[in-house]
Amino acid sequence: MNQPVISPALVTQKAVQRLPRWALLLFCAAYVIPGLLGRDPWKNEDIASFGHMWSLALGQASWLHPNVGGVLPTSGGVLPYWLGGAFISVLSPWVDPALAARIPFAILLGVILTLTWYTTYHLAMTDAAQPVPLAFGGEAKPRDYARAVADGALLALIASLGLLQLGHETTPELLQLTGSALFLFSLAAVQRQAMVARVAALLALPMMAASGSPAVAAMLGFTGVIVCLRSRQAEMKTHLAWVIAATLLALGLASGLTAMGLSGWAWRIDNDISLKEVFQLFSWFTWPTLPLAALTIWHWRRQFWRRHIAVPLLTATVGFIASIAMGANERALLTALPPLAVLAAFALPILQRSLGSAIDWFSVCFFTACAGAIWVIYVAMHKGVPVKVAANVAKLVPGYVPHFSWMALVPAIIGTLLWLGLVRWRTARQAHALWKSLVLPAGGVALCWLLFMSLWLPLLDQARSYRLVLARMAPHIPNGDQVCAPDAPVGLLTAMEYFDHYRVNGLPLTTHAKPQSQSQACRWLVLRVPAHTSAPVMPGWKWVAQYNQRTHNSEQIVIYRRLASSAS
């Protein structure tokens with residue numbers, strides 16, 4: 001048990017050159033900032049979460065029981081809604097509520113990137129993770145090696161496709177992801193920053209429990225206990241008590257929230273899944289970190305219980321288990337992305353040149369083609385050429401009228417030029433840095449996200465927000481009136497309040513002719529019906545209008561007005 005295990009990493013000092021900090025910050029800024037400004041809340045979870053936050057800020061709901069039109073959130077605890085509601089309250093009326101709610105979640109995304117970097121750095125500084133000393137010297141210095149591996153982990157996380165959209169929403173899952181990344185950091189930083197690691201553990205798991213994920217917090221706490229028990233380091237043995245305390249605190253908090261009638265323990269088990277669904281989700285959602293993580297596990301298999309492998313592997317496994325248990329749920333799989341990025345980074349010291357070149361050329365071809373397609377469609381939207389592309393856009397998003405904006409075009413041009421420069425730098429010289437193979441995947445993802453959130457933002461807004469639906473509703477229902485929308489999704493209720501300032505009631509109506517007492521003040525009724533079906537007859541209400549939400553095949557919205565006789 002005490003015999004040394006040979007590291008598979010052979011790394012020279014030349015290979016651990018630092019990625020310039022300005023370049024690393026530019027990667028993070030290009031990833032975090034686009035999508036923060038100038039867009040509407042999107043369907044479905046994004047606008048639903050925003051609705052609960054906004055209702056708290058407006059004083060329409062109790063801070064202990066967030067709701068929109070009387071409809072409670074189905075998940076998410078209370079902490080995410082408190083966070084967004086607090087920012088809306090503080091920044092009102094100077095900042096639009098949707099932007100104010102997004103600001104703390106953009107900060108959380110930056111925190112997740114930062115925690116992933118420091119987690120990898122601390123794990124790479126452990127003796128077992130260090131490269132083998134070379135016979136004639138020249139091996140990488142420990143700190144420089146740890147920095148280079150940490151840079152690779154950050155780039156790997158930015159390149160992860162699963163984080164791209166979900167990481168830019170105002171949903172409870174981002175706070176859950178922050179808690180899991182913080183707990184991962186706590187297990188990594190024990191040796192070098194013991195007190196910081198203890199505080200991180202005590203914050204991480206309760207944060208997850210208060211954000212609607214107490215079961216995952218409990219599983220993470222269990223993995224932390226296993227890591228501490230298996231470790232031979234005195235610092236990890238001491239940290240065991242803090243991990244147990246954090247787990248018990250999370251369990252107690254979840255139980256207390258449940259006892260108060262809040263969102264605490266909520267089981268969302270779904271067994272109706274197939275192996276094909278799981279494989280498809282894992283394949284695209286974790287790309288490119290999962291293949292590199294598998295390579296790490298194979299080459300470092302003799303160090304399986306060493307902390308730099310065991311910590312990210314066990315925490316990633318929790319994310320996989322949670323996703324499968326919830327029916328291949330992509331949001332539950334988010335917690336696996338930071339530990340997978342950490343594992344992927346430890347594949348870089350043993351990555352063969354041929355595989356690195358394959359990653360580079362695939363990234364160049366794929367992301368250049370994606371960026372080119374975005375530009376072609378942008379030109380077609382504004383110039384009508386190519387004609388077929390413009391016709392397809394009009395078919396997919398009927399009624400869209402393009403509006404030219406230099407504020408969108410200039411960042412897109414700058415981002416494209418930077419991408420071309422990055423490709424030229426990577427393909428024109430023989431780089432030796434460990435992180436070189438992840439520069440193009442991360443840069444390509446950041447570029448495509450920037451182009452989507454600049455050139456395509458008006459198109460995406462119309463396709464993914466409720467603004468067009470409310471524009472069709474506005475001529476029929478006076479602004480500010482009270483509307484009954486029984487069984488409507490929280491997103492639609494929020495949109496009616498946010499875009500047209502209607503006062504909404506989302507509680508169901510009774511089967512009798514007269515509505516419930518809480519909906520007596522409603523002069524208007526909005527129902528959703530399946531596509532290509534007739535509007536149902538509602539006693540006491542008169543049919544006013546009916547239209548599709550987006551396209552001819554989408555769900556329909558039906559508007560009724562209360563009859564004068566039923567209002568008395």
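Note that the coordinates shown come from a computational prediction; the quantities given were computed from them, not determined experimentally. Residue numbers run from 1 in the order of the sequence given.
- Distance OG1/T114 to CG/L154: 7.5 Å, rounded to 0.5 Å.
- Contact of the F367 side chain with the L447 side chain is not registered, since no non-hydrogen atoms from C-beta on lie closer than 4.5 Å.
- Smallest separation of non-hydrogen atoms from V526 and M496: CG2-SD, 4.5 Å.
- Note: L527 CG to Q546 CD = 10.0 Å, rounded to the nearest 0.5 Å.
- Within a 6.0 Å sphere centred on CG of L417, other residues, nucleotides and ligands contribute more than 12 heavy atoms.
- The shortest side-chain heavy-atom distance between H168 and L109 falls under the 4.5 Å cut-off.
- Between the side chain of S92 and the backbone N or O of S89, no donor-acceptor pair lies under 3.5 Å.
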Start with the C-alpha distance between Q165 and E330, add both sets of side-chain angles, then the distance that settles side-chain contact (heavy atoms from CB on, under 4.5 Å), and finish with yes or no. CA-CA 11 Å; Q165 177 187 329; E330 63 180 21; over 6 Å; no
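- For the residue pair R102 and T170, the shortest heavy atom distance occurs at CG-CG2, 3.3 Å.
- Here K436 does not pair with D151 in a salt bridge; the nearest charged N to carboxylate O distance is not below 4.0 Å.
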Give the intermediate values and the outcome of side-chain contact (heavy atoms from CB on, under 4.5 Å) for residues W524 and V544. CA-CA 10 Å; W524 305 92; V544 175; 4.2 Å; yes
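- At least one donor-acceptor pair closer than 3.5 Å links the side chain of W435 to the backbone N or O of Q17.
- Using modelled atom types, one finds no donor on one side chain facing an acceptor on the other under 3.5 Å when comparing D360 with S437.
- For the pair R39 (side chain) and G35 (backbone), a donor-acceptor distance under 3.5 Å is present.
- Summarising the geometry, atom CD1 belonging to I88 is positioned 9.0 Å from atom CG belonging to D96; distances are rounded to the nearest 0.5 Å.
- Without hydrogens or angle criteria, W456 side chain to I374 main chain gives a donor-acceptor distance under 3.5 Å.
- In this structure, R503 contributes its side chain and G480 its backbone to a donor-acceptor pair below 3.5 Å.
- When side chains are defined from C-beta on, I112 does not count as touching L337, because their heavy atoms never get closer than 4.5 Å.
- Among all heavy-atom pairs drawn from V278 and A328, the shortest one is CG2-CB, 4.3 Å.
- Side-chain atoms of T368 and W419 form a donor-acceptor pair, as typed in the model, at a separation below 3.5 Å.
- A distance-only check finds a donor-acceptor pair linking the side chain of S405 to the backbone of M407 [under 3.5 Å].
- The shortest side-chain heavy-atom distance between Y466 and K43 falls under the 4.5 Å cut-off.
- Taken to the nearest 0.5 Å, the SG atom of C370 stands 4.0 Å off from the CZ atom of F366.
- A donor-acceptor pair under 3.5 Å is absent between the side-chain atoms of S323 and the main chain of G319, judged by distance alone.
- Q556 contributes no side-chain N or O that, together with a main-chain N or O of Y547, makes up a donor-acceptor pair within less than 3.5 Å.
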Evaluate ring pair (Phe, Tyr, Trp, His ring centres under 6.0 Å) for F320 paired with F282, printing each intermediate quantity in order. CA-CA 9 Å; F320 286 118; F282 288 3; 4.8 Å; yes
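- With rounding to the nearest 0.5 angstrom, the SG atom of C28 is 9.5 Å from the CZ atom of R21.
- Residues N329 and L333 form no side-chain contact, since every pair of their non-hydrogen atoms from C-beta on lies 4.5 Å or further apart.
- In this structure the side chain of L166 never reaches within 4.5 angstrom of the side chain of L177, judged on heavy atoms.
- Remark: L470 CG to N479 CG distance equals 10.0 Å, nearest 0.5 Å.
- Atom CH2 of W284 sits in a crowded spot, with more than 12 heavy atoms from other residues, nucleotides or ligands closer than 6.0 Å.
- L36 places a side-chain heavy atom less than 4.5 Å from the side chain of L99.
- Under the 4.5 Å side-chain criterion, counting only non-hydrogen atoms from C-beta, L525 is not in contact with I559.
- No donor-acceptor distance shorter than 3.5 angstrom exists from the side chain of T289 to the backbone of A156, with no hydrogens or angles considered.
- The backbone N or O of Y502 lies less than 3.5 Å from no partner atom in the side chain of D500, so there is not a single donor-acceptor pair.
- Between D40 and S465, the shortest heavy-atom distance links the atoms OD2-OG, 3.4 Å.
- At a cut-off of 3.5 Å, with distance as the only test, no side-chain donor of Y400 or D461 sits close to an acceptor on the other residue.
- In this structure, W375 and Y378 have perpendicular ring planes: the angle between them is above 60°, well past the 30° mark.
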Derivation and outcome, side-chain contact (heavy atoms from CB on, under 4.5 Å), residues L451 and T416: CA-CA 8 Å; L451 295 182; T416 303; 3.8 Å; yes
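- Aromatic ring centres of F404 and W406: separated by under 6.0 Å.
- Minimum interatomic distance between A535 and V558 (heavy atoms only, all atoms of both residues): CB-CG1, 3.7 Å.
- Nearest approach of L348 to G152, heavy atoms of both residues: CD1-CA, 3.8 Å.
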Could you give me the CA-CA distance, side-chain angles and deciding distance for I359 and L440, then say whether side-chain contact (heavy atoms from CB on, under 4.5 Å) is met? CA-CA 8 Å; I359 294 174; L440 290 178; over 6 Å; no
